[in-house]
Amino acid sequence: MVDEYQVHLHINGKQVEMTVSPLTSLAQLLRENLGLTGTKVSCNEGECGSCTVIMNGEVVDSCLVPVPQAEGADVWTIEGITPPKGLHPLQEAFLNEGAVQCGYCTPGFIMSAVSLLRHNSDPTEDEIKEAIAGNICRCTGYQKIIRAIQNCAEAAHKGEVLI
Amino acid sequence: MRQMQYLRPTSLPETLELLGTWGERAKILAGGTDLLIAIRRKIKEPEAIIDISLLKELDGICRQDGYIQIGALTTHSHICQSTQIAECAPLLAQACRGVGSLQIRNRGTLGGNLGNASPAGDTIPPLYTLESEVRLLSSSGERWVPVNAFFTAPGKTVKRLDELIAGVRFRPLEKSVKCFTKKIGQRRAVTIAKVSAAGVLFFEGKLVHDCRIALGAVAPTVIRLPAAEKTLLGKPLTPERIDEAATLASELCSPITDIRSNVEYRCTMTRVLVSRGLKSILEEMAS
């Protein structure tokens with residue numbers, strides 16, 4: 001019988017230990033317990049992808065991960081992708097292409113794009129679309145997002161940037 | 001209101017004991033992509049959640065005694081990426097690829113798709129055409145239920161309250177076997193099927209030797225279509241016979257009108273998907 005759960009995991013390379021109620025979602029843990037509000041919660045049902053993080057090397061909707069299932073996990077959020085100074089190449093690419101309007105979906109898209117380019121350094125347009133199918137944007141119409149990811153993939157493929 | 005208990009058993013025997021104790025008062029949690037939503041929307045309000053994610057013996061794909069076995073905790077992503085499944089049940093891999101988004105596929109499980117028992121469940125029509133069996137475990141033992149006898153109504157199965165879905169098994173398909181899986185939804189991804197179809201055809205020379213066609217989301221459960229299958233048996237596959245089988249399929253289904261679609265569209269798309277699926281096999285054979 002578990003009323004409170006003591007979780008141990010790695011977030012953005014740092015060890016974290018926290019006691020929360022077991023049905024707390026990873027998204028809530030990140031935002032409310034750790035102040036890492038770069039990860040957004042919008043639908044809270046795994047449809048919009050604004051809560052996307054990379055957990056054990058794969059993208060997941062953190063709103064649907066109950067904290068006990070993140071026990072021992074290696075989690076990366078937008079805060080962990082952003083370098084201490086400046087921007088990640090994908091963040092630069094999004095800004096250069098005008099792929100950011102209100103910005104609410106952007107952390108989720110960046111996490112999906114980071115994961116894509118780490119698994120597949122030369123994605124086709126269809127592969128990009130499949131990778132970001134779980135992220136919804138209400139502002140941009142997606143074309144600039146796709147272009148930003150393509151541009152960044154090209155630069156990474158040439159060895160100009162590191163994902 | 002009493003607080004929901006969160007139970008996280010570390011072994012199968014412990015899990016089965018808990019199921020025996022809690023029965024209908026508990027719900028099983030695997031990847032959480034269906035259950036957590038139902039709980040948040042108060043569609044399901046269990047007194048306890050039994051999180052089975054620690055039961056690693058239920059995770060994975062293996063070949064044993066001439067069967068492919070897939071554990072209930074195997075994620076859709078895992079199935080998509082499996083070379084074993086690509087070789088001997090490619091339609092299942094393709095169906096899993098259509099589940100939700102990549103984020104969902106990395107968490108959602110085959111067992112969960114079965115346990116949720118939606119007639120629109122993406123893995124179910126392929127499992128029907130593979131003539132799979134579902135493995136159920138309880139403290140009193142194990143039983144295997146043919147997948148086409150597992151579902152009784154939307155959301156309902158023959159699984160007893162003290163039982164756990166442990167996995168499925170099916171005979172691998174030879175390379176010469178042709179198959180298809182089709183789905184139509186509101187959009188190309190992250191969509192629940194309005195109609196889905198799967199088919200497996202065995203050939204002897206040019207003649208269809210065995211034929212299995214299953215439809216999803218057009219009846220209270222996924223259904224096989226023996227009458228349509230019969231029209232193809234023992235004959236070469238031709239466009240005319242495909243049209244006949246597809247038209248018959250649309251007459252054999254019994255869809256409803258709901259928030260996703262209506263009867264007329266579903267009947268029409270049943271014919272279209274079966275036709276497209278069978279024609280894709282013709283095209284594959286021609287090339």
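Numbers restart at 1 for each chain; the letters A, B, ... are given by sequence-line order, proteins then strands.
- In this structure, chain A has a heavy atom under 4.5 Å from the side chain of R105(B), while its backbone stays farther away.
- Between the side chain of N106(B) and the backbone N or O of V60(A) there is no donor-acceptor pair closer than 3.5 Å.
- There is no contact between L18(B) and chain A, counting heavy-atom distances below 4.5 Å.
- At most 12 heavy atoms of other shown residues, nucleotides or ligands fall within 6.0 angstrom of atom NZ in K144(A).
- Interface remark: A30(B) contributes backbone atoms only to the contact with chain A (heavy atom separation under 4.5 Å).
- The residue among I132(A), N56(A), V65(A) with the most heavy atom pairs within less than 4.5 Å of chain B is V65(A).
- With respect to chain A, the highest number of heavy-atom pairs below 4.5 Å among I39(B), L35(B), V190(B), I49(B) belongs to V190(B).
- Summarising the local packing, CD of Q15(A) is surrounded by 12 or fewer heavy atoms from other residues, nucleotides or ligands at distances under 6.0 Å.
- For the residue pair D61(A) and S101(B), the shortest heavy atom distance occurs at OD2-OG, 4.3 Å.
- Between Y6(B) and S21(A) the shortest side-chain heavy-atom distance does not fall below 4.5 Å.
- Between L102(B) and E130(A) there is no side-chain heavy-atom pair separated by less than 4.5 Å.
- By the neighbour-count criterion of 12 heavy atoms within 6.0 Å, atom CD of E17(B) is sparsely surrounded, having that number or fewer from other residues, nucleotides or ligands.
- Within the 4.5 angstrom heavy-atom criterion, only side-chain atoms of S112(A), from C-beta onward, approach chain B.
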Legend entry - Intermediate values then yes/no, side chain to side chain contact (heavy atoms under 4.5 Å, CB included), L36(B) and L23(A): CA-CA 9 Å; L36(B) 293 178; L23(A) 277 178; 4.1 Å; yes
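- Side-chain contact of Q69(A) with R107(B): a donor-acceptor pair under 3.5 Å is present, judged by distance alone.
- Considering all non-hydrogen atoms of both residues, L29(B) and P66(A) come closest at CD2-CG, 3.9 Å.
- Within a 6.0 Å radius of CD1 in I43(B), more than 12 heavy atoms belonging to other residues, nucleotides or ligands are found.
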Legend entry - Candidate pair Q103(B) and N135(A), rule side chain to side chain contact (heavy atoms under 4.5 Å, CB included), full reasoning: CA-CA 9 Å; Q103(B) 292 92 322; N135(A) 293 83; 3.1 Å; yes
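- In terms of modelled atom types and a separation under 3.5 Å, the side chain of R40(B) and the main chain of E45(A) share no donor-acceptor contact.
- Annotation for I163(A): atom CD1 counts as buried by contact number, over 12 foreign heavy atoms lying within 6.0 Å.
- Within the 4.5 angstrom heavy-atom criterion, no atom of R188(B) approaches chain A.
- The number of heavy atoms from other shown groups lying within 6.0 Å of CD (E24(B)) does not exceed 12.
- Listed here is the closest heavy atom pair of G46(A) and I104(B): O-CD1, 3.6 Å.
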